[in-house]
Enquirer: 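One structure is given below, represented as structure tokens, and several questions about it will come after.
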Amino acid sequence: RAAAEGATHAPGPREARGKWEPQDHDVQSCNYWRHCSIDGNICDCSGGSLTTCPPGTKLATASWVASCYNPTDGQSYLIAYRDCCGANVSGRCPCLNTEGELPVYRPEFGNDIIWCFGAEDDAMTYHCTISPIVGKAS
Amino acid sequence: RAAAEGATHAPGPREARGKWEPQDHDVQSCNYWRHCSIDGNICDCSGGSLTTCPPGTKLATASWVASCYNPTDGQSYLIAYRDCCGANVSGRCPCLNTEGELPVYRPEFGNDIIWCFGAEDDAMTYHCTISPIVGKAS
Amino acid sequence: ATLGATGAFAEDKVTVPSHDAVAAAEAPKDAVVVNIAKMKYETPEIKIKPGQTVVWINQEAMPHNVEFQAGVTGEAALKGPMLKKEQAYSVTFNEAGEFPYHCTPHPFMRGKVIVE
Amino acid sequence: ATLGATGAFAEDKVTVPSHDAVAAAEAPKDAVVVNIAKMKYETPEIKIKPGQTVVWINQEAMPHNVEFQAGVTGEAALKGPMLKKEQAYSVTFNEAGEFPYHCTPHPFMRGKVIVE
Amino acid sequence: TAYAETAAAPQTEGQKQAAEGAAKLAKGEDDEPHIGTMPKADAHRVYVNDPAHFAAITQQFIIDGASGNVLGMTDGGFLPNPVISNDGTVIAQVSTVFERIARGKRTDYVEVFDTETLLPSADIELPNTPRFLIGTYPQMSTLTPDNKTLLFYQFSPSPAVGLVDLANKKFDRMIDVPDCYEMFPTANDTFYMHCRDGSMAKVEFGGAEPKISHSEVFHGEDDHLINTPAYSMKAKKILWPTYTGKIYPVDLSGDQAKVDKAIEAFTEAERKEGWAPGGWQPIAFHRVKDRIYLLADKREEWTHKDPSRFVFVIDAKTGERVKKIEMGHEIDAINVSQNAEGTLLYGLSTGDRTLYIYDEETGKEVRHVDQLGRGPQVITVSDMES
Amino acid sequence: TAYAETAAAPQTEGQKQAAEGAAKLAKGEDDEPHIGTMPKADAHRVYVNDPAHFAAITQQFIIDGASGNVLGMTDGGFLPNPVISNDGTVIAQVSTVFERIARGKRTDYVEVFDTETLLPSADIELPNTPRFLIGTYPQMSTLTPDNKTLLFYQFSPSPAVGLVDLANKKFDRMIDVPDCYEMFPTANDTFYMHCRDGSMAKVEFGGAEPKISHSEVFHGEDDHLINTPAYSMKAKKILWPTYTGKIYPVDLSGDQAKVDKAIEAFTEAERKEGWAPGGWQPIAFHRVKDRIYLLADKREEWTHKDPSRFVFVIDAKTGERVKKIEMGHEIDAINVSQNAEGTLLYGLSTGDRTLYIYDEETGKEVRHVDQLGRGPQVITVSDMES
Ligand SMILES: [Cu+2]
Ligand SMILES: [Cu+2]
């Protein structure tokens, strides 16, 4: 059907095994540049934003990181993926990207771990992930 | 792809708003004649059978009923839909049929109710439904 | 309440000859009959003497039962089996009192046994 | 442990000047510095005197912190903020003892402050 | 493939966020993650509940109908009932959880959510696990007009209505009721129910003993009144359709329920063609416009819970059909925002897991919100109009 | 449309039930509903776990690979680890639930299921909510060979392995371990782990104090060993592939871990074309046949968790490729039944929520089992062979 204004559904995960082709215009799409190693759901789709947790969840202090390439300025930035916890998984905007993702014995770059450490009330269930920048990739 | 032997997936729910056309050859399909007023999941698909609950669940004593037409012998039988309870919904073979289904104030024919009454341990979550005959429809 | 060999609940006010449904023909002959039909207990209120037995006989295909809530016949609820058409269930009332009951799936089906 | 106006936990063995990360330049000048780089505390074991302050400065983009488990600096765990590059966090150690710590997301990053 | 944008299309939420993120980065501003809060509810706030096909845990989506953005979510247990006040100040649910997922100790409780933080502000356990476990009917849990009392329904072992004192965050009591179902509150101490015998019961619970009276029987045994009528507490009016589309307007504004002349949504010819309502929540009412919306389609008999593709808009005063809207999707539930201007018509597709949003005036679909759980069925709106 | 049957196709479960039901009815036999029991486990028993994309509650499907029938299901909490013994006598899990769905008091526990009734036979709470919450890796929870001790992994605040005494249904103790991950038991008091530094650690916990020793480092920092290697406890052998398909055979049968010559699954030319393993559980091992199965495809770098469409069968002794099987679907996890004759190759598609079953010898798909939850990822089999 014809696209209605403000269509809210994001293109799904990227083509299996395909090249990572980051964009800088839609946070709710899995190929948004900062989501290069995200595993889970994009918080902007369930009441949060690119860098804020939805109301009702708890923000982890810990995170895993990835170095993501920004096509707009040609720089790579370190993204610290912090989980929003204490609620059931949102189910909206699920993505699994693994740029630079390493196995569990290199947990600093591993995205299978439930990175809820440091969230208030010891919240440890996974709702969604935010993609804040913590610095330039070294 | 070519149909593999013993294909286990059942045709889904019937066409929306369509005529009820019961068959007598596949219990795991939503249009099996006894399922004429089933609301939920067919137990045969998750370790039970047409008239038995899967291991690990509890069998309700109560039920709702419907009068279902058997195309094989041209008779109508009263089916007492008993729920198998105490486990999360199976998610396999979901069906919603409403032949003769009545609103909640006629609960004896209503299939929205969680009919787990009488199950052991006061089990009250819904896993699946069996379709035993309790008699000829009067 | 523990079930004794005879089916008797020691501290309860009733005795239950069989916890399973029986064919109507096998129901105790001297019992007071309450027929169930058209979503009703035909005689919703009956009076009996202590020691008498009531037998409920389902006369229709729709399954019914009788259930006495916790505290009525004993500490625990007494939930009779669902009865198919022409199946029966009996309860012997040993003590005086009023014993309301209902049908488990059909709470609007209510009756009472008055023992005096 | 209740947080006093000065940031001091009355019954704890430490004082925390700021619970938030501060710019490295704003770290206490007389503190003993532990740099964090390449997924390590560069000086994983340090010895100080009671009353001295330790400041951890993260020298890389990868976020790190320090966390003292429950029972070490006080009854509750002391979880420092995650530090970005060139951010710092200080703890003043008031009593003698051994204070092991680790990085919350990276348990293999371990260190110890020995106060004597 | 690049996301196609036209000059005319407004920015989506995802695009806005990307632009803001890029701007901040360009200015060298640090990201400062934190937890967001909910905006204040307005007339375009809409709640979608997902009973998830009888799953042991469920979800509710809080959506801004005007933008199609999900504002937040709440978790529920097994078949919870959403409870939303008309003024938008109460977001609550009656819910059930078990100690070990789907078995073990059962707890029925009322949970109230802070409307800004969406964190629980009250958790009130209900004694004796009383609540009726059934597919989600809006009128199985309601608030009184002052928002101070929450009512929930009990079926077994004997019909009753539970009162929960929200102001003091405690369970109050159970009230035995006749063989009647669902609650339609009209005052802070009064609600109506629909009874098995075809009458409406009036229950006044302000005194020491509840006072219960019945209206006349207003429909026959063969008029099957659907489970999810439309109710306007402010108008004290129920619009209650039968399986065939005969709509009973039940006026609760007087001393006793009074049923006005039924409105036939379809002509006899249309009914012969098979036109009849169908879906989970197939009727809505716009109080200020005094309009009825009926979700319907051509259907075989006994398909009253199948989705439908059309909404018939009916003037509640005259019973005349105003228009017929083609929904363009298989719709299971409908509702309408209660504002007079810029009214939105909501159509929820359980199969698509999508809320489709239409301009009520033009009937055109203007946006949609997808990925709404596993089997969303219920749409709740508030009535903030005077 | 009528279900098409050919004379050759065997009856499905649903067809069998229909025929039996019709036969009983024709004979006038009453239905006697009751609760079924599980058959005894055999070599074609296969378990599929659905972590449901991080949902707070999950499910496991117990399947007969030979027929494709689901035999039963178990419920799990958040990211549970399935624990199945090689002799089929233990079906257990390490699980986590919360008092209010996804928040509130957290409980970590081991649950053991009766293999006939599937009812819980043990529920053992773990103190201090120790378990590592992570996507499901088979080796994060294991049994000792005698089935008496269950091991689970703790990550934070410091790596440890928990011991649970299944025989006496109680938590035993935590053992501090070095910066190492996953457990590979070789004896009732010994297990190995893989360490951050690239060595294998041996942990002997039979005495008062655990005795821990390390092998040599056997791989460099740039050899990324995947999270879900294949482990045969009976062979005491791990087949551990890297992201590029270099497979380390880790022999745990001696005094210390010994890593044999790595097997390159792909030639340099193939690797240049992009061939590499990928999926959630992309390697399996058939002990009696001594064969390795590697799920792989042509892929871009850094797509190691994307599904693949091919299984490369490799002789574990010679490192030679035996054959390449076209799976015909996007597969995320594979496993093989351990029987020598009639071996089944299992391919699980998370996206299709379907377990595809292949004749290992011919490589042909012979049946499939669909509707397996929301995001099934893990396949577990027992090794009942001598
Ligand atoms: Cu009855
Ligand atoms: Cu660190």
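Residue numbering restarts at 1 for every chain, and letters A, B, ... go by the order of the sequence lines. The figures that follow rest on heavy atoms only: side chains count, while hydrogens, waters and symmetry mates do not. Please read these numbers as outputs of a predicted model, since none were measured by experiment.
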Enquirer: Side chain, backbone, both or neither: which part of E:Leu79 has a non-hydrogen atom closer than 4.5 Å to chain B?
Expert: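 Only the side chain of E:Leu79 comes within 4.5 Å of chain B.
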Enquirer: Between B:Thr129 and B:Asp83, do the side chains contain an N or O donor and an N or O acceptor separated by less than 3.5 Å?
Expert: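 There is such a pair between these side chains.
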Enquirer: Report which part of E:Met193 has an atom under 4.5 Å of a heavy atom belonging to chain B: side chain, backbone, both, or neither.
Expert: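 E:Met193 has no heavy atom closer than 4.5 Å to chain B.
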Enquirer: Heavy-atom pairs under 4.5 Å with chain E - which of B:Leu102, B:Thr125, B:Asn41, B:Asp112 has more of them than the others?
Expert: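 Among the listed options, the one with the most contacts to chain E is B:Asp112.
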Enquirer: Heavy-atom distances under 4.5 Å only: say whether E:Phe78 touches chain B with side chain, backbone, both or neither.
Expert: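 Only the side chain of E:Phe78 comes within 4.5 Å of chain B.
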Enquirer: Go through the atoms of E:Glu301 and report whether side chain, backbone, both or neither lie under 4.5 Å from a heavy atom of chain B.
Expert: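 Interface part for E:Glu301: backbone (N, CA, C, O).
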Enquirer: What part of E:His53 lies closer than 4.5 angstrom to a heavy atom of chain B: side chain, backbone, both or neither?
Expert: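 Interface part for E:His53: backbone (N, CA, C, O).
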Enquirer: Return yes when the gap between the SG atoms of E:Cys180 and E:Cys195 is under 2.5 Å; return no otherwise.
Expert: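 Judged by the SG atoms alone, which are under 2.5 Å apart, E:Cys195 and E:Cys180 are bridged.
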Enquirer: Using non-hydrogen atoms and a 4.5 Å limit, figure out which bit of B:Asn88 sits close to chain E: side chain, backbone, both or neither.
Expert: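 Both the backbone and the side chain of B:Asn88 come within 4.5 Å of chain E.
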Enquirer: Looking at B:Gly40, B:Pro107, B:Ala123, which one has more heavy-atom pairs under 4.5 Å with chain E than the rest?
Expert: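 Answer, by heavy-atom pair count under 4.5 Å with chain E: B:Pro107.
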Enquirer: Taking the six-membered ring of E:Phe312 (Phe, Tyr or Trp), confirm whether the NZ or CZ of E:Lys324 is under 6.0 Å from its centre and within 45° of its axis.
Expert: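 Output no; distance or angle outside limits.
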Enquirer: Is it true that the SG atoms of B:Cys45 and B:Cys128 are less than 2.5 Å apart?
Expert: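 No, because the SG atoms of B:Cys45 and B:Cys128 are not under 2.5 Å apart, which misses the disulfide cut-off.
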Enquirer: Less than 6.0 Å separating the ring centroids of E:Trp240 and E:His219?
Expert: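 No - the distance between ring centres of E:Trp240 and E:His219 does not fall below the 6.0 Å cut-off.
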Enquirer: Against chain E, label B:Ala16 side chain, backbone, both or neither, depending on which of its atoms sit under 4.5 Å from a heavy atom there.
Expert: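 Interface part for B:Ala16: both.
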Enquirer: Could you look at E:Arg196 and say if it's the side chain, the backbone, both or neither that has a heavy atom under 4.5 Å from chain B?
Expert: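 Both parts, backbone and side chain.
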Enquirer: Would you kindly say whether the two SG atoms, from B:Cys85 and from B:Cys116, are closer than 2.5 Å?
Expert: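 Bridged: B:Cys85 to B:Cys116.
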Enquirer: Quick check: E:Phe155 with E:Phe132 (ring centres under 6.0 Å apart)?
Expert: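 Yes, close enough.
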Enquirer: Would you mind checking which part of B:Asp122 comes under 4.5 Å of any heavy atom in chain E, side chain (CB onward), backbone (N, CA, C, O), both or neither?
Expert: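 For B:Asp122, no heavy atom lies under 4.5 Å from chain E.
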Enquirer: Evaluate the pair B:Cys43, B:Cys53 and indicate whether the two SG atoms are within a distance below 2.5 Å.
Expert: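 No, the SG atoms are not under 2.5 Å apart.
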